[in-house]
Chemist: 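Pasting a structure below so you can have a look.
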Amino acid sequence: MPKGIDCHQFLIGVTNYIRREYKKSETEHLLLHPEDRLTCSAIIYSRLQRQLWLVGDCQCLIDGELIDNPKPEEAVHAAKRSEYAKKLLSQGTTVDQLLTKDTSREYIMADMVESMKQQNVSYAVIDGFRIAEQFVKVITLDFQPHHIVMASDGYPFLRETLDESERLLRQQQENDPLNIDTFLACKAFLNGQDSFDDRSYIRFEI
C-alpha cells in the first residue's frame, strides 16, 4: 500500500484485495453466509499518520497499557464453553479426552457460527466485503516517544517482551490447558499443539 494511506483508504484497499480472491459465482452465497468468507483480523501501524488501526480481535500495548478489540460475543461463548467443560469433567470425562476431542468447543459451535453471521455488522473484520468502519479502533499517538507491542489474540497475557508473553502462555498451557479457569477461551491447547490460537508479535519504539 502507499506509505501515506489513511485508515479509510486501507480498509477499502484490503477489502478489494480479498474480494478478488472470490469467484463471481461465490459472491451471492458469501453475501448471505459471512461464516464462509475468507476472514482475518489485523493491526497496522502507520508511521506517517502516527496511528494504530485495530481491525478485528487483535491487541496492543502502548507504553505498557493494554488495548484490545475483542469480538462482542467472544466472552459469552467462552464462559458457556467453560461451564459445559466443567460439567463434563464432573461427570467423569478426563482432561486428556477433551484435549483430544474438545466436545466443549463443539457445544458452542452453533453459537459461534451465528456470531460470525454478524461480522461487518456488529464487529469489523477483513473479509472482502465492506468493513464496518465504526468498529475499527483508531489510536492516534502524540509526538512523544512510545513503546509499542502489537499482537494477535493468541497471547492471553500480552507483555512488553516476547519471552515474557511466551512464558505466560506456557504457564497457561501447563495450569489450565482447557482454557476454562484462569483464562477463558473458545478453544483449548489440543494435544500435539503448542498453542490454542495463532500467534503474531512485534515490538518497536517510535
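Just so it is clear, the structure is predicted and the values come from calculations on it, not from any experiment.
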Chemist: Hey, quick one: are Leu30 and Tyr17 part of the same hydrophobic cluster, counting side-chain heavy atoms closer than 4.5 Å, chains of contacts allowed?
Modeler: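 The answer is yes; both residues are in one hydrophobic cluster.
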Chemist: Verify, without hydrogens or angle tests, whether Thr100 (side chain) and Asp96 (backbone) share a donor-acceptor contact under 3.5 angstrom.
Modeler: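 Flag set: sc Thr100 to bb Asp96 pair under 3.5 Å.
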Chemist: Go through the steps for Asp127 and Gln119 under the test side chain to side chain donor-acceptor pair (under 3.5 Å), then give the verdict.
Modeler: CA-CA 9 Å; Asp127 66 359; Gln119 67 187 47; 3.0 Å; yes
Chemist: Salt-bridge test for Arg199 and Asp194: reply yes if a basic N is under 4.0 Å from a carboxylate O, no otherwise.
Modeler: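 Salt bridge flag = yes for Asp194 with Arg199.
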Chemist: Please check if the side chain of Asp176 supplies one atom and the backbone of Thr182 the other of a donor-acceptor pair under 3.5 Å.
Modeler: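 At least one qualifying donor-acceptor pair exists.
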Chemist: So do the side chains of Leu31 and His29 get within less than 4.5 Å of each other, counting heavy atoms only?
Modeler: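 No; the side chains remain at least 4.5 Å from each other.
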Chemist: Dump the intermediate steps for salt bridge (Lys or Arg N to Asp or Glu O under 4.0 Å) on Glu26 and Lys23, then the final yes or no.
Modeler: CA-CA 5 Å; Glu26 296 174 325; Lys23 298 175 182 177; 5.4 Å; no
Chemist: Given the ring of Tyr107, does Arg81 sit roughly above its face, with NZ or CZ under 6.0 Å from the centre of the six-membered ring and within 45° of the axis?
Modeler: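 Verdict for Tyr107: no cation-pi partner in Arg81.
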Chemist: Determine whether Ile12 and Phe129 fall in the same hydrophobic cluster, where Ile, Leu, Val, Met, Phe, Trp and Tyr are linked whenever their side-chain heavy atoms lie under 4.5 Å apart.
Modeler: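 Shared cluster, no.
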Chemist: State, to 0.1 Å, how close Val121 and Phe135 come at their nearest heavy-atom pair, and which atoms those are.
Modeler: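 Closest approach of Val121 to Phe135, heavy atoms only: O-CE1, 3.2 Å.
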Chemist: Regarding Gln51 and Ser46, do their side chains bring together a donor and an acceptor under 3.5 Å, going by distance alone?
Modeler: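 Per modelled atom types, Gln51 and Ser46 side chains form no pair under 3.5 Å.
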Chemist: Can a donor-acceptor pair be found, under 3.5 Å and without considering hydrogens, that links the side chain of Asn120 to the backbone of Val125?
Modeler: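 Yes.
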Chemist: Can you check whether Leu52 reaches Ile62 side chain to side chain, under 4.5 Å on heavy atoms?
Modeler: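 Yes, side chains in contact.
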Chemist: Nearest 0.5 angstrom please: Gln172 CD to Phe183 CZ, how far?
Modeler: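 Gln172 atom CD to Phe183 atom CZ measures 7.0 Å (nearest 0.5 Å).
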Chemist: Tyr45 pairs by ring-ring contact (aromatic ring centres under 6.0 Å, His included) with which of Phe10, Trp53, Phe204?
Modeler: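 Exactly one candidate clears the test, Phe204.
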Chemist: Taking Ser82 for the side chain and Ala78 for the main chain, is one N or O donor matched with an acceptor at less than 3.5 Å?
Modeler: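 Not confirmed, Ser82 side chain does not pair with Ala78 backbone.
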Chemist: Identify whether Val76 and Val113 are in the same connected component of the hydrophobic contact network (ILVMFWY, side-chain heavy atoms under 4.5 Å).
Modeler: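 No, no single cluster joins them.
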Chemist: Is there a side-chain contact between Glu205 and His146 (heavy atoms, below 4.5 Å)?
Modeler: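 The answer is no, as the side chains (C-beta and beyond) never meet within the 4.5 Å cut-off.
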Chemist: Evaluate the criterion side-chain contact (heavy atoms from CB on, under 4.5 Å) for residue pair Ile131 and Ile126; output intermediate values, then yes/no.
Modeler: CA-CA 7 Å; Ile131 295 173; Ile126 297 168; 4.0 Å; yes
Chemist: Please report the closest heavy-atom contact between Ile44 and Ala42, naming both atoms and the distance.
Modeler: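 For Ile44 versus Ala42, the nearest heavy atoms are CD1-CB, 3.9 Å.
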Chemist: Check whether any side-chain heavy atom of Cys186 lies under 4.5 Å from a side-chain heavy atom of Met112, and answer yes or no.
Modeler: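 In short, these two side chains touch, coming nearer than 4.5 Å.
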Chemist: Please report the closest heavy-atom contact between Leu184 and Asp181, naming both atoms and the distance.
Modeler: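 Scanning both residues, the minimum pair turns out to be CD2-N, 3.6 Å.
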Chemist: Quick one: pull up CD in Glu166 and CZ in Arg159 and give me the separation to the nearest 0.5 Å.
Modeler: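 Taking CD in Glu166 and CZ in Arg159, the distance rounds to 13.5 Å.
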Chemist: Are Leu88 and Ile180 co-members of a hydrophobic cluster defined by side-chain heavy atoms under 4.5 Å apart?
Modeler: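 Ile180 clusters together with Leu88.
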Chemist: Counting only heavy atoms from other residues, nucleotides and ligands, does the tally under 6.0 Å from NZ of Lys87 exceed 12?
Modeler: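 It does not: Lys87 NZ has 12 such atoms or fewer within range.
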Chemist: Is any side-chain heavy atom of Leu89 closer than 4.5 Å to a side-chain heavy atom of Thr94?
Modeler: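 A side-chain contact is absent here, since even the closest heavy-atom pair is not under 4.5 Å.
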Chemist: Is there a donor-acceptor contact under 3.5 Å from the side chain of Ser115 to the main chain of Asp111?
Modeler: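 Yes.
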Chemist: How about Tyr201 and Arg203: do any of their side-chain heavy atoms sit closer than 4.5 Å?
Modeler: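 Yes, side chains in contact.
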Chemist: Taking CD in Gln91 as the centre, count heavy atoms belonging to other residues, nucleotides or ligands within less than 6.0 Å. Is the count above 12?
Modeler: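 Counting other residues, nucleotides and ligands, CD of Gln91 exceeds 12 neighbours.
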Chemist: Under the 3.5 angstrom rule, does the side chain of Tyr155 hit a backbone N or O of Ser165 as a donor-acceptor pair?
Modeler: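 Absent.
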Chemist: Is a salt bridge present between Lys187 and Asp197, judged by a nitrogen-to-oxygen distance below 4.0 Å?
Modeler: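 Result for this pair is yes, salt bridge flagged.
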Chemist: List the atom of Glu133, the atom of His8, and the distance in Å for their closest heavy-atom pair.
Modeler: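 Closest approach of Glu133 to His8: OE1-ND1, 2.9 Å.
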Chemist: Please lay out, stage by stage, how Val136 and Leu54 fare under the test side-chain contact (heavy atoms from CB on, under 4.5 Å).
Modeler: CA-CA 6 Å; Val136 175; Leu54 284 73; 5.8 Å; no
Chemist: So, Glu174 and Arg170, do they make that salt bridge, N to O below 4.0 Å?
Modeler: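 Salt bridge flag = no for Arg170 with Glu174.
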Chemist: Show every ring-ring contact (aromatic ring centres under 6.0 Å, His included) that has at least one partner inside residues 57-79, sequence neighbours left out.
Modeler: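 Of all non-adjacent pairs touching residues 57-79, none passes ring-ring contact (aromatic ring centres under 6.0 Å, His included).
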Chemist: From Cys60 SG over to Leu66 CG, what is the distance, rounded to the nearest 0.5 angstrom?
Modeler: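 Answer rounded to 0.5 Å: 7.5 Å.
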Chemist: Roughly how far apart are Ser152 OG and Ile43 CD1, rounded to 0.5 Å?
Modeler: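 Rounded to the nearest 0.5 Å, the OG-CD1 separation comes out at 10.0 Å.
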Chemist: Run the side-chain contact (heavy atoms from CB on, under 4.5 Å) test on Ile139 and Ile67 for me, step by step, so that the C-alpha distance in whole Å, both residues' side-chain angles and the decisive distance to 0.1 Å come before the verdict.
Modeler: CA-CA 10 Å; Ile139 302 161; Ile67 299 170; 3.6 Å; yes
Chemist: Any heavy-atom pair between the side chains of Leu178 and Ser104 that's under 4.5 Å?
Modeler: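 SC-SC contact between Ser104 and Leu178 ruled out.
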Chemist: Consider only side-chain heavy atoms of I, L, V, M, F, W and Y, link residues closer than 4.5 Å, and tell whether Leu141 and Val138 are in one cluster.
Modeler: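 Cluster IDs for Leu141 and Val138 differ.
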Chemist: Minimum heavy-atom separation for Leu158 and Ala151, please, with both atom names.
Modeler: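 Nearest pair, atom of Leu158 first, then Ala151: CD1-CB, 3.6 Å.
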Chemist: Are the side chain of Asn69 and the backbone of Cys58 linked by a donor-acceptor contact shorter than 3.5 Å?
Modeler: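 Not at all, since once roles are kept as given, no pair shorter than 3.5 Å links the two residues.
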Chemist: Testing the basics here: between Leu99 and Ala188, what is the closest heavy-atom pair and its distance to 0.1 Å?
Modeler: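 Closest approach of Leu99 to Ala188, heavy atoms only: CD2-CB, 4.1 Å.
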Chemist: Give a yes or no on whether the backbone of Asp57 and the side-chain of Ser41 come within a donor-acceptor separation of less than 3.5 Å.
Modeler: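 Looks like yes, one N/O pair under 3.5 Å.
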Chemist: Are any of the side-chain heavy atoms of Tyr22 and Arg19 separated by less than 4.5 Å?
Modeler: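 Tyr22 reaches Arg19 side chain to side chain.
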Chemist: Working to the nearest 0.5 angstrom, can you tell me the gap between Cys7 SG and Lys137 NZ?
Modeler: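 Reported value, rounded in 0.5 Å steps: 13.5 Å.
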Chemist: Looking at Lys80 and Glu83, does any basic side-chain N land under 4.0 Å from a carboxylate oxygen?
Modeler: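 Salt bridge absent between Lys80 and Glu83.
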Chemist: Any side-chain to backbone donor/acceptor pair from Thr39 onto Arg37? Under 3.5 Å, distance only.
Modeler: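 Yes: the side chain of Thr39 pairs with the backbone of Arg37.
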Chemist: What is the distance from atom CG of Leu61 to atom CD of Glu65, rounded to the nearest 0.5 Å?
Modeler: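 If we round to the nearest 0.5 Å, Leu61:CG and Glu65:CD are 9.0 Å apart.
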Chemist: Between Glu160 and Gly64, is there a donor-acceptor pair closer than 3.5 Å when you use the side chain of the first and the backbone of the second?
Modeler: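 Checking the backbone N and O of Gly64 against the side chain of Glu160, a donor-acceptor pair under 3.5 Å is found.
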Chemist: How would you list, by chain and number, every residue that makes a salt bridge (Lys or Arg N to Asp or Glu O under 4.0 Å) with Asp68, sequence neighbours excluded?
Modeler: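 So Asp68 forms no salt bridge (Lys or Arg N to Asp or Glu O under 4.0 Å) with any residue.
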Chemist: Would you sort out whether Asp6 and Gln49 count as a side-chain contact (heavy atoms from CB on, under 4.5 Å), showing the intermediate values?
Modeler: CA-CA 7 Å; Asp6 64 22; Gln49 303 286 342; 3.9 Å; yes
Chemist: Between Arg167 and Glu164 (salt bridge meaning N to carboxylate O under 4.0 Å), is one present in this structure?
Modeler: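 Salt bridge: yes.
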